[in-house]
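What you see is a predicted model; the values in this text were computed from it and never measured. Naming: A, B, ... by sequence-line order, numbering from 1 per chain.
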4 protein chains.
Amino acid sequence: MPRAHTDTLDRLFSAAVELFGERGYAGTTVDEIVERAGVAKGTVYYHFRSKSELVSALLDDGLRRLAESFRSEIAGAPGGDAALRALVHAELAYIERYQAFSKLVMSEMWRADRDWRDSLRTLREQYVEVFAGALRRGMAEGDFRADLDAQTTASTIFGMIATAALDWLVFDPQAALDDVERRLLPLVLGAVRAPG
Amino acid sequence: MPRAHTDTLDRLFSAAVELFGERGYAGTTVDEIVERAGVAKGTVYYHFRSKSELVSALLDDGLRRLAESFRSEIAGAPGGDAALRALVHAELAYIERYQAFSKLVMSEMWRADRDWRDSLRTLREQYVEVFAGALRRGMAEGDFRADLDAQTTASTIFGMIATAALDWLVFDPQAALDDVERRLLPLVLGAVRAPG
Amino acid sequence: MPRAHTDTLDRLFSAAVELFGERGYAGTTVDEIVERAGVAKGTVYYHFRSKSELVSALLDDGLRRLAESFRSEIAGAPGGDAALRALVHAELAYIERYQAFSKLVMSEMWRADRDWRDSLRTLREQYVEVFAGALRRGMAEGDFRADLDAQTTASTIFGMIATAALDWLVFDPQAALDDVERRLLPLVLGAVRAPG
Amino acid sequence: MPRAHTDTLDRLFSAAVELFGERGYAGTTVDEIVERAGVAKGTVYYHFRSKSELVSALLDDGLRRLAESFRSEIAGAPGGDAALRALVHAELAYIERYQAFSKLVMSEMWRADRDWRDSLRTLREQYVEVFAGALRRGMAEGDFRADLDAQTTASTIFGMIATAALDWLVFDPQAALDDVERRLLPLVLGAVRAPG
DNA sequence: AATGAATGAGAATTCATTCAT
DNA sequence: CATGAATGAATTCTCATTCAT
């Protein structure tokens, strides 16, 4: 029964990402994960060499999903401005859908000494590159200011969206995503648009 | 050889904040803290009921410092625009000076079930209020767009500055603070300024 | 090498009861227990939430054994007098066989603020009730004085036997149980028998 | 001011005996003692070499008091029977007055490995000897059974009274001492009196 | 005579990992 | 594939004791 395998892994992934998001990597125990997943403790070590390999797999998985989400969102955008709007929407939607994963990433991003450090670096490079691409298009089209440094602007805007989204989820959870987007979008566009 | 009370606590605080910033709360052991502080293990438990109470005290202390820094920075600013520039500078300077504390705050801000949850809430409210004040002045003076929601804009801009600063410290540490500020300031001002 | 579940718990129980009997609860370390039991330290915490829960389990176990021992002893006794003789014998035999447990109970019985307080209360109620039953039979049959208060007499006689037995074990260990019983029985019977 | 010294020691003694009675020797910390006594921690080590020396001093003190109480009580008793009645009264009164000390003694009496083991042995020998003296007088006068072993009977009766008294204090504290004595006395006298 | 900050060895508890089934 | 009892090193926390004041 091939379903069984996938099912077990899915339960493990969901439980792990939720808990890591809530309590952080070091603050989450394997016991808590297996309890929430409803599987036995040995099962984790049947599928993964260690706790840190579990988190690596988790990051790689989430990373793949984020990249896909960004790429498909930006695909049909006619210009840099439209692409940036689409990315704001995509990032907010992603964070809403994968809250736990997003919290995990924001909490562990600045750590120095982790085994899965590289997964996070790759994650960051990918999304920064997608944002930077949209920015460069907008600059080339004259919509965005020409003096922007695409790289740093990209990571700054990514962080701006991420903190706004998490702030909303944690401190004002009953607000609608649409409202958040409506308030955030002018700030993002204002930050990069050419004046006049 | 008993030390002066303040000295012992200072050493403990410095060591703890550095390590928590580097490795997170759960990733840091009390042994590591006391070794770096050069005090005995019992000393932590003489002054604090537990490891988590040490973090609370740490947060309260850093919070006080941040609020002071903001208030003194903003004091002489002639208007909303100048105040916002001053706050960008102050936040960057604070994060550079208290890197470890800043990482700690960013890592723990989104956690749900921590003992020091309240300290973090208070911290957030205070700095959001300072930013919101500057924004309201700028809106009243016509420099900033009139349709801004001061609260959410404030927290978004704070997060924008914080992620930019941490990104710089972690991924591009040899860059100068001045450069970061020069690249960041137009984005922040563009985000809130009235067009035209 | 995992052992059968029952075996591990048995070894833990035996080791713990011996040590608690010798040194008291607070005077016994978990390290000493696991060393004597020949298991790893984590095993205690796999089976019990804490050291104090181990004591509770121990008390509940010993309590069950004592109740069984009393009930089977008294079963065939033809009258109150015979039942009381049987109980004296049963209690002495129990204390000789479960010395450590008995010392533990006598040491902790008068404590106010323990986690296992309820286990001890139940223990006391059960044995007092068995003694009181025998006393009531003897009173109804006219062998025992009619003015006895069955409850308080029961607990007094239980304590009388217990202190005599422990005194013997601690201060005169080479004496035979038979001798102790021979010297004790007239005192017990004299205490309750109707004169004449 | 010579009062001060005595006062401090008194507070220390009271606090220590109460806590040792409630929680046992090993279960009581020096911190708890000094907190209840309202003195600083160093004070204990100014007056005593160690925690175990404090308990030794405590035992010696209580022991002296018990011996005095017994001796004065028995002094005017005309015969063995009257002396035994007086001792029952004295022991009950002592336990009521020095509850904590009594609990301490009963809880630690059966331990093997204590520093102050000898103090307890001496205590036991003294009170057993007083009871044995009364018994011997009663046997000589023909009031008590001639086949009693004075030593074991003495310790048994002491334990009988002690457990009855503690049982009363712990499990039925609102009862009056007089009632306890009235119910206990016939049992004690019945245990040793010559029949007929 | 008394204090209380500081100590560090030792005790309780946690937790990632292993392995026989 | 999956289990869960067992492990033991690492970790948090305790507490009797010291000592400069």
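Among all heavy-atom pairs drawn from D/V34 and D/K41, the shortest one is CG1-CA, 3.8 Å. Taking every heavy atom of both residues into account, A/K51 and A/Y25 meet most closely at NZ-O, 3.0 Å.
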Apply salt bridge (charged side-chain N to carboxylate O under 4.0 Å, His left out) to residues C/E68 and C/R64 and explain how you reach the verdict. CA-CA 6 Å; C/E68 276 166 21; C/R64 205 176 26 71; 3.5 Å; yes
How far apart are the C-alpha atoms of D/E32 and D/R36, what are their side-chain angles, what is the distance that settles it, and do they pass the salt bridge (charged side-chain N to carboxylate O under 4.0 Å, His left out) test? CA-CA 6 Å; D/E32 290 168 334; D/R36 191 173 292 197; over 6 Å; no
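Taking 4.5 Å as the limit, every side-chain heavy atom of D/L104 sits out of range of all side-chain heavy atoms of D/Y98. You'll find the side chain of C/T8 reaches within 4.5 Å of the side chain of C/H47, heavy atoms only.
Taking side-chain N and O atoms only, A/T8 has no distance below 4.0 Å to OP1 or OP2 of F/dC1. In terms of phosphate contacts, D/H47 brings a side-chain nitrogen or oxygen within less than 4.0 Å of OP1 or OP2 of E/dA2.
Distance D/Y46 OH to F/dT21 P: 18 Å, rounded to the nearest Å. The interatomic distance linking C/F48 (CZ) with F/dA6 (C1') rounds to 14 Å, in whole Å. A straight line from CG of D/L9 to P of E/dA2 spans 7 Å, rounded to a whole angstrom.
Nucleic acid contact class of B/V44 (heavy atoms, under 4.0 Å, all strands): none.
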So what's the dot-bracket for DNA chain F: Watson-Crick or G-U pairs under 3.5 Å, [ ] if a pair crosses, | if it pairs off-strand? .||||||||||||||||||||
Can you give me the N/O atom pairs linking the protein to nucleotides 10-14 of chain F at distances under 3.5 Å, or say none if there are none?
unit_1 : atom_1 : unit_2 : atom_2 : d
F/dT12 : OP1    : B/T28  : O      : 3.4
F/dT12 : OP1    : B/K51  : NZ     : 2.9
F/dT12 : OP2    : B/V30  : N      : 2.9
F/dC13 : OP2    : B/Y45  : OH     : 2.9
F/dC13 : OP2    : B/K51  : N      : 3.1
F/dC13 : N4     : B/K41  : NZ     : 3.2

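For A/A40, the side-chain atoms get nearest to F/dG4 when compared with the rest of E/dT3, F/dG4, F/dT7.
To the nearest 0.5 Å, atom CZ of residue C/R97 and atom CZ of residue C/F101 are 13.0 Å apart.
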